[in-house]
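Structure first, then comments.
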Protein chains: 2
Amino acid sequence: MTTEPLSRARIVAAAIDLIEREGADAVSMRRIAAELGVGVMSLYNHVPNKDALLSGVAEAVMSGIEFTDDPDAHWSDRVRMQARAFRQIAHHYPRSTMLVVSRTLHSSAGLLPVERALATLRSAGFDGVDAVRMLRMFIAFIVGSLLREVGVTPSFAPPQPRSVDAEQVDETLFPHVSELAPLLGRCDHEAEFEFGVEMLISAIAAHPAREEGAR
Amino acid sequence: MTTEPLSRARIVAAAIDLIEREGADAVSMRRIAAELGVGVMSLYNHVPNKDALLSGVAEAVMSGIEFTDDPDAHWSDRVRMQARAFRQIAHHYPRSTMLVVSRTLHSSAGLLPVERALATLRSAGFDGVDAVRMLRMFIAFIVGSLLREVGVTPSFAPPQPRSVDAEQVDETLFPHVSELAPLLGRCDHEAEFEFGVEMLISAIAAHPAREEGAR
DNA sequence: TTGACGCACGTACACCGTACGTGCCAGCCT
DNA sequence: AGGCTGGCACGTACGGTGTACGTGCGTCAA
């Protein structure tokens with residue numbers, strides 16, 4: 001049995017694995033150590049504390065995003081691609097995604113996406129100030145979307161009785177809600193995401209501060 | 001000393017107070033009990049477990065939103081007002097807000113905002129399907145914005161060395177990021193929020209599925 | 001050869017959520 | 001009035017948590 005030496009990377013990988021299999025609540029230093037077949041305190045030779053470990057998890061997930069940016073494509077297509085790249089991590093690591101978005105990322109792992117996004121927005125004809133604004137708006141939308149997607153689907157598992165269960169909402173107090181209950185109950189996350197992205201793109205395209213002549 | 005009887009409401013209030021003063025990590029059943037001057041196990045006569053208590057916190061914060069909806073106003077003004085009402089909770093309860101957005105709300109406390117929003121979007125000329133879509137897009141943006149606002153400001157406290165500290169980013173690898181570092185470092189949350197809301201409103205206004213004739 | 005250093009590990013402590021049992025007291029039934 | 005019952009505050013106890021600290025073993029440098 002070749003016991004590969006312990007390392008920060010192996011610990012982080014084990015943590016991600018555990019989170020995806022049993023949820024974030026199952027993560028404990030003891031559990032991770034057991035998973036790796038080592039003593040608990042051995043972990044602390046590679047990771048200062050649990051919080052730093054979770055930061056490592058967030059960083060690893062973030063840097064797993066696969067960007068395929070084509071600088072020659074139309075800026076709107078580049079935006080579409082980048083938005084989808086973000087959403088893909090919610091599929092690869094659904095339960096870790098909650099960690100990523102709810103934790104303030106201090107490292108520079110998230111810098112490459114930002115660079116790509118800014119380049120795209122500049123190529124769409126925005127100056128620096130507006131590019132940053134647009135980026136922030138986009139990030140807010142994406143983070144909010146992913147949060148709903150992974151929050152509403154704790155595992156993917158039990159067909160939970162949707163939060164708004166028709167019949168049981170008072171239709172005189174909440175007429176619209178009760179009328180649209182079937183629609184509110186179901187949610188095609190992919191379609192909703194794409195819809196939002198298209199709305200934002202058309203809003204961006206129509207913004208007056210943009211200089212025409214997009215490449 | 002008139003010891004007011006323990007109750008779920010008093011427990012939830014104490015929890016919110018504690019969260020705002022010392023952060024969500026400081027919340028423990030023992031701590032809350034001490035805050036109320038009672039024994040730990042007394043809490044369990046009013047709250048089934050800690051998770052339910054936190055749900056109570058989320059619910060209480062949500063229902064603290066002050067809506068002043070004017071059905072006769074232009075729909076865009078109503079949207080603006082409702083969006084701002086959401087953001088106000090991030091100011092009243094910055095640290096609890098993180099809890100609200102990162103927890104899947106199963107109760108019906110969040111139903112009234114939904115009802116108001118749907119009414120507004122219907123009055124803007126959308127059918128049910130599109131109203132729900134628009135609402136979801138808006139919620140995603142708002143949640144993402146609040147998450148950034150309260151996440152970047154863990155207390156309001158120490159002037160943290162912003163995540164992207166000019167100088168130290170490689171400007172050949174990340175030219176745009178390093179050029180715009182001063183802009184990325186600062187963030188006027190209110191202005192960014194208003195900007196995003198205006199963008200979304202104009203995107204909504206331009207959507208073809210909308211029947212003109214908005215009241 | 002010897003010294004230092006890195007790293008795996010065990011023990012120990014303070015704290016956590018909560019299952020369970022106990023006792024007090026108010027209100028109702030007879 | 002007497003007795004019973006049920007609600008509620010509380011203490012104890014158990015299995016879990018993060019991690020500070022000390023110990024011993026291996027491998028390299030001098």
Side-chain angles (χ1 to χ4, degrees), chain A residues 1-60 95-96 98-100 102-104 106 154, chain B residues 1-60 95-96 98-99 102-104 106 154-155:
Chain A
M1 170 146 143
T2 71
T3 79
E4 194 170 351
L6 210 46
S7 73
R8 180 186 159 100
R10 283 212 330 134
I11 295 173
V12 168
I16 293 180
D17 213 58
L18 185 56
I19 291 175
E20 293 306 327
R21 276 186 296 121
E22 308 195 19
D25 291 343
V27 174
S28 81
M29 301 303 269
R30 284 170 167 82
R31 195 79 169 64
I32 294 174
E35 212 80 13
L36 290 167
V38 303
V40 194
M41 295 316 289
S42 308
L43 302 178
Y44 287 90
N45 287 320
H46 304 270
V47 163
N49 54 48
K50 185 182 183 181
D51 205 65
L53 197 168
L54 294 182
S55 289
V57 168
E59 195 174 334
R95 309 174 92 151
S96 306
M98 184 74 85
L99 243 175
V100 175
S102 55
R103 154 172 287 276
T104 320
H106 287 291
Chain B
M1 168 140 153
T2 72
T3 78
E4 196 170 351
L6 209 47
S7 73
R8 180 186 159 100
R10 284 215 326 136
I11 294 174
V12 168
I16 293 180
D17 213 58
L18 185 57
I19 291 176
E20 294 306 326
R21 275 186 297 121
E22 308 194 21
D25 291 344
V27 174
S28 81
M29 299 305 270
R30 284 170 165 83
R31 196 78 168 68
I32 293 174
E35 211 81 14
L36 289 167
V38 302
V40 195
M41 294 317 288
S42 307
L43 303 179
Y44 286 90
N45 287 321
H46 305 270
V47 163
N49 55 48
K50 184 181 183 181
D51 205 64
L53 197 169
L54 294 182
S55 289
V57 169
E59 195 173 334
R95 309 174 93 151
S96 306
M98 184 75 83
L99 241 176
S102 53
R103 154 173 287 277
T104 320
H106 288 291
S155 55

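Lettering of chains follows the sequences in order, A, B, ..., and the numbering in each one begins at 1.
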When every nucleotide of nucleotides 5-19 of chain D is labelled 5' to 3' by its protein contacts under 4.0 Å (heavy atoms), B for base, S for sugar-phosphate only, - for none, what sequence of letters results? ---SBBBBB---BBB
Apply side chain to side chain contact (heavy atoms under 4.5 Å, CB included) to residues A:Leu6 and A:Asn45 and explain how you reach the verdict. CA-CA 9 Å; A:Leu6 210 46; A:Asn45 287 320; over 6 Å; no
Is there a side-chain contact between A:Leu36 and A:Arg10 (heavy atoms, below 4.5 Å)? yes
Could you tell me how far apart A:Arg8 (CZ) and C:dC7 (C1') are, to the nearest whole angstrom? 17 Å
In terms of heavy-atom contacts, A:Arg95 and A:Arg21 come closest through NH1-O, 3.8 Å
CD on B:Glu35 to CD on B:Glu22, rounded to 0.5 Å: 7.0 Å
Side chains of A:Leu99 and A:Ile19, heavy atoms from C-beta outward: is any pair under 4.5 Å? yes
Taking five pairs at each end, how big is the angle between the two axes of the helix from C:dG3-D:dC28 to C:dT30-D:dA1, to 10°? 10°
So do the side chains of A:Arg31 and A:Leu18 get within less than 4.5 Å of each other, counting heavy atoms only? yes
If only atom types and distance count, is the side chain of A:Glu20 paired as donor or acceptor with the main-chain N or O of A:Ser96 below 3.5 Å? yes
Between protein and nucleic acid, restricted to nucleotides 3-5 of chain C and to nitrogen or oxygen atoms under 3.5 Å apart, what atom pairs and distances do you find?
none

With heavy-atom distances below 4.5 Å as the criterion, would you say the side chains of A:Ile32 and A:Lys50 are in contact? no
To the closest 0.5 Å, what do you measure between CG (B:Leu43) and CG (B:Asn49)? 12.0 Å
Looking only at heavy atoms, which two atoms of B:Ser55 and B:Arg103 are closest? And how far apart? OG-NH1, 2.9 Å
